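One-based numbering, in listed order, for ligands and for the atoms of each. What you are looking at is a predicted structure, and each value in this text was computed from that prediction instead of being measured.
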Amino acid sequence: MSATTTRELVEIDERRLLRRLDDLAQRGALAQGGIYRALYSPAWSSAMELVAGWLKEAGLFVRRDAVGNVWGRIEGSRGGRAIVTGSHIDTVRGGGALDGALGVVAGIEAVTSLWDRFGRSTRILECVAICEEEGSRFNTNFWGARAIADRLEPGEADRVRDADGMTLAEAMRSVGLDPATAAGAVRRDIDVFVELHVEQGPILEDHGPRLGVVTTIAGTAHLEVTVRGQPDHAGAMAMTRRRDALLGASAMTLAIAETAVRMGHPAVATVGTIAVEPAQVNVVPGIARFTVDARHTDPARRTELLTQIGDACKAIARERKLDVEIRTLRDRPPVTLSPRIADVLRRACLAAGMEPRDMTSGAGHDAQVLTAAANVGMLFVPSIGGRSHCPDEATTADDVVLGTRALATALRELAYQM
Ligand SMILES: [Zn+2]
């Protein structure tokens, strides 16, 4: 097929797709609502078994790699570098049924439908359930995609621990994986990676259309801000003489949010954690320590956002006679996805009768890590109310089906070309 041919939308099995999403949502379902599938936990293993079963049922060649990513493969008649689709199987604590799961289940549905309808592909076609993306159990993230892209750090599995003190390496052994062989997960033969994901924000729902093609993924910076004042007696020290670290941190929190609001979309800044010392009911806080998550898709604007946040904190500290120290915990630059794959996705959306919206992603994704190993494209479907990382995360069945058909159509162009 040439790029100019009008493509027809690939049919999928809608009922199987929706039923499987429901089935996967039972793995790791919490009594109080929401889902938690932590890396290498029993819920995670159970979800991976379910996925492997679907891949086997489809007649694909199934394997688990050295870090536990599960792959299903169609050997292309002409070999070459692989066309891959998928997403992550893990969730945040109390997460929803679609973040990651949609890309896994839709990927399997798309590849299975292509295999059933058109037989063997010309290119190698694979779907993958990536073992971890969220960083919700261990203080590390993109574990699965980084293993594929050869971006694991030496000794990382022995260094990082979960809240119970178990190392990532020990957790790997508990599910029959050998941390010493983690490098075996590296793939140098992937040509294309395409990920379908829920938007996790409100743009598609508020402004339409129902499909978005991601062009850029925002760069994330994590800062740790430590504000030092003076601990004093909560009863005896006059209000006017205090150097209350928490009041300073509170003013900074407001100023940080205002900085992002002033800069405008897609700038975002979030204070997500805060701790005070000595943390006693009758003591004026002497130290307040909080984190900032700041993101922008434009490298220069992101730097500007970080500078303005730093300046705002310093000005407030000066006014209130406090000391402030800002430490960078993480600094990931924005990532541009492949224009060629974006075009393939646009054509697939047009086949679905829809001109897609070009979008930036504020959230991080496996796709951004895999740009180190492949040409990457990403397709978004709407999130109801823009909600994600919560039990209410949802997308209409029509949009789930539409996104999956568009994905299958794109994969057909990529993997079935003569
Ligand atoms: Zn995700």
- Message: Among residues at least two apart in sequence or on other chains, which ones pass ring-ring contact (aromatic ring centres under 6.0 Å, His included) with Tyr40?
- Response: Trp44

- Item | Contact summary for Arg146 and Asn141, nearest pair of heavy atoms |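 Closest heavy-atom pair between Arg146 and Asn141: NE-O, 2.9 Å.
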
- Query: With sequence neighbours left out, what residues match Asn375 under side-chain hydrogen bond (donor to acceptor under 3.5 Å, both in side chains)?
  - Reply: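 For Asn375, the residues satisfying side-chain hydrogen bond (donor to acceptor under 3.5 Å, both in side chains) (neighbours in sequence not counted) are Asp191.
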
- Message: Has Arg289 got a side-chain atom pairing as donor or acceptor with Glu224's backbone, closer than 3.5 angstrom?
- Response: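 A pair under 3.5 Å: no.
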
- Protein N, O or S within less than 2.8 Å of the Zn ion (ligand 1), waters excluded: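 Near the Zn ion (ligand 1), below 2.8 Å, one finds His88 NE2, Asp99 OD1, His197 NE2.
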
- Output, in order, the C-alpha distance, side-chain angles, deciding distance and verdict of side-chain contact (heavy atoms from CB on, under 4.5 Å) for Met172 and Val67. CA-CA 7 Å; Met172 285 181 83; Val67 296; 4.2 Å; yes

- Message: Arg16: which residues meet the side chain to side chain contact (heavy atoms under 4.5 Å, CB included) condition with it, sequence neighbours left out?
- Response: Asp13, Arg19, Arg20, Glu109, Thr112, Ser113, Asp116

